[in-house]
Amino acid sequence: MSDLPDPLVGASPPFDHAKAEVILRSCDGIDFRVFKLFLSLASQFFEALFDLSQSSEDTNTDTETKDGLPVMPVSEDSRTLDSLLCFCYPCTLAEDPTPEHFREVTNVLKAARKYSFDGIERAILEVNSLRCFAIACRARMHDACVLAARYTLRESLVPRWFEEIELITSTELLSLLTYHRKCSNALLPLKDNLSWITDEYQRNAIPWIVADDTSSGSCHCPRSSPARSLFGVSTAQWWEDFMNATFMDLEDKPCAETIRSNVEKAIHVVRQRNCRSCSPTVPAGMRELGSLLTNKLEQLTSEVKLELEF
């Protein structure tokens, strides 16, 4: 085993810690001193790699070391590696970066996939879904396009302008908008066809939806018009309002967050009414129902295909 002098440059904090356990060396010669635990928790690849390297350290005399630490060369440059590692470290040590340029975002996404940093890919897409879609289109990364398109469902159907929009063609933008609209349309039948509820619940399991009181037969919450019913009974007006608002919002943003937000608003409305029958049971019941609706959303939108020419 050889312990070489340091002809290379060390990375900036927090990747210069004296008590680090391993060094990742970028292709442009920057040494990142890192803790195995953080990388292992974020990446199954590194977890397996460190387990393997630990078992072979005692028998391998060819491993390069520096300051007594094993050196692992990687093919990524220091800018990409710095962004990648920042996502792995706790926020108290390193803030999540915001890649700014086409090549930088592409490199980080490719590295995240290469090293099985699934959480990093999601973190980038949650904040930059439209940018990542455009960048993935430009790089002809089909799988990344599909994944980014799913995250754009959190955005309005007509997106605000963003610089990377110039990277894609009008056909690719139309494909994204069409995908968004198809996902919204796929959910519309759930508003009037309530079999997704009746298949899962008996009436006595969710009496608050139809303004029932298990003790007196009816609570004081007003019911909606007879036009909509569940189990043959008119639903509570607050629940009717919840359904109308939720599906209106889902037309613009067909995603789980839309459902969660409207569920919490409905719970707030019920609590303000202070109904002795509904108030104690609605919060847990509505959140469970929201999870059921979210599962249906995920199922239906996953069946919608993004049409691309590559």
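Nothing fancy with the numbering, it's 1 onward along the sequence.
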inquiry  = Nearest 0.5 Å, please: how far is CD in E251 from CG in L188?
reply    = 5.5 Å

request  = Determine yes or no for a side-chain-to-main-chain donor-acceptor pair under 3.5 angstrom, with S43 supplying the side chain and L39 the backbone.
outcome  = no

remark   = Closest non-hydrogen contact found for A256 with L297 is N-CD2, 4.2 Å

message = Measuring from atom CG of D199 to atom CG of L292, what distance do you get when rounded to the nearest 0.5 angstrom?
response = 9.5 Å

key: K36 backbone acceptor or donor facing S40 side chain under 3.5 Å   = yes

task = Using the salt bridge (charged side-chain N to carboxylate O under 4.0 Å, His left out) rule, collect all pairs that involve residues 257-273, keeping only residues at least two apart or in two chains.
result = E257-R260, E264-R287

key: L81 vs I30, side-chain contact (heavy atoms from CB on, under 4.5 Å): CA-CA, chis, key distance, verdict   = CA-CA 9 Å; L81 192 56; I30 306 298; over 6 Å; no

ask   = Can Y115 and I120 be said to form a side-chain contact (heavy atoms from CB on, under 4.5 Å), step by step?
value = CA-CA 10 Å; Y115 296 118; I120 293 177; over 6 Å; no

request  = Enter the distance from L293:CG to E298:CD here, rounded to the nearest 0.5 Å.
outcome  = 10.5 Å

inquiry  = Ignoring hydrogens, what is the shortest heavy-atom contact between L300 and A186? Give both atom names and the distance.
reply    = CD1-O, 3.5 Å

query = Is there a donor-acceptor contact under 3.5 Å from the side chain of W238 to the main chain of V269?
reply = no

task = Output the distance between atom CG (L24) and atom CG (D82), rounded to the nearest 0.5 Å.
result = 12.0 Å

message = Could you tell me if Q299 and N295 have a donor-acceptor pair between their side chains, going purely by distance under 3.5 Å?
response = no

query = Is there side-chain contact between L49 and M72, with heavy atoms separated by less than 4.5 Å?
reply = yes

request  = Look only at the side chain of H180 and the backbone of E155, and say whether a donor-acceptor pair between them is shorter than 3.5 Å.
outcome  = yes

inquiry  = Given 3.5 Å as the limit, does a donor-acceptor pair link the side chain of D28 with the main chain of S78, or not?
reply    = yes

key: Heavy-atom donor-acceptor pair, D67 side chain to L69 backbone, under 3.5 Å   = no

inquiry  = Angle between ring planes, F15 versus Y89, binned at 30° and 60°: parallel, tilted or perpendicular?
reply    = perpendicular

task = Decide yes or no for L167 and C137: does some side-chain heavy atom of the first lie under 4.5 Å from some side-chain heavy atom of the second?
result = no

request  = State the OG-NZ distance between S75 and K114, to the nearest 0.5 angstrom.
outcome  = 2.5 Å

message = Apply the hydrophobic cluster definition, ILVMFWY joined by side-chain contacts under 4.5 Å directly or through others, and give me every member besides L41.
response = L37

query = Could R25 and D31 be called an ion pair, given the rule that one side-chain N must be under 4.0 Å from one carboxylate O?
reply = yes

inquiry  = Can you classify the ring geometry of F242 versus W239 as parallel (below 30°), tilted (30 to 60°) or perpendicular (above 60°)?
reply    = tilted

ask   = Heavy-atom distance under 4.5 Å between the side chains of F310 and C145, does that happen here?
value = yes

query = Below 4.0 angstrom, N of the basic side chain to O of the carboxylate: do R131 and E164 qualify?
reply = yes

inquiry  = In this structure, would W161 and L177 fall into the same cluster of hydrophobic residues linked by side-chain contacts under 4.5 Å?
reply    = yes

task = Kindly determine whether L176 and L130 satisfy side-chain contact (heavy atoms from CB on, under 4.5 Å), including the steps that lead there.
result = CA-CA 10 Å; L176 180 64; L130 289 167; 4.0 Å; yes

query = Do you know the tightest heavy-atom contact between F247 and L187?
reply = CE2-O, 3.3 Å

ask   = With a 4.5 Å limit on heavy-atom distance, are the side chains of S156 and K253 in contact?
value = yes

key: Heavy-atom side-chain contact between F231 and I206 under 4.5 Å   = yes

Flag, side chain of T281 to backbone of C278, donor-acceptor distance under 3.5 Å = yes

Where G68 and T65 come nearest, the two heavy atoms and their spacing = C-CB, 4.4 Å

inquiry  = Check the orientation of F46 and F50. Use parallel for under 30°, tilted for 30 to 60°, and perpendicular for over 60°.
reply    = tilted

inquiry  = Just verifying a value: how many Å separate C27 SG and E76 CD, rounded to the nearest 0.5 Å?
reply    = 7.5 Å

task = Kindly indicate whether the side chain of L289, heavy atoms from C-beta on, has any atom under 4.5 Å from the side chain of W196.
result = yes

CD (E303) with more than 12 external heavy atoms under 6.0 Å = yes

task = Could you check I259 against L250 for side-chain contact (heavy atoms from CB on, under 4.5 Å), going step by step and ending with a plain yes or no?
result = CA-CA 8 Å; I259 296 173; L250 285 172; 4.2 Å; yes

request  = Examine distances only and state if a side-chain atom of S175 and a backbone atom of E307 form a donor-acceptor pair shorter than 3.5 Å.
outcome  = yes

task = Please answer: with hydrophobic residues joined when any side-chain heavy atoms are less than 4.5 Å apart, are F45 and F32 in the same cluster?
result = yes

message = Are the side chains of T301 and K182 in contact, using a 4.5 Å heavy-atom criterion?
response = no

ask   = Looking at D16 and A11, what are the two nearest heavy atoms and their distance?
value = CB-O, 3.5 Å

task = Answer yes or no: is there a side-chain heavy-atom contact under 4.5 Å between S302 and R150?
result = yes

query = Between E288 and Y201, which heavy-atom pair has the shortest distance, and what is it?
reply = OE2-OH, 2.8 Å

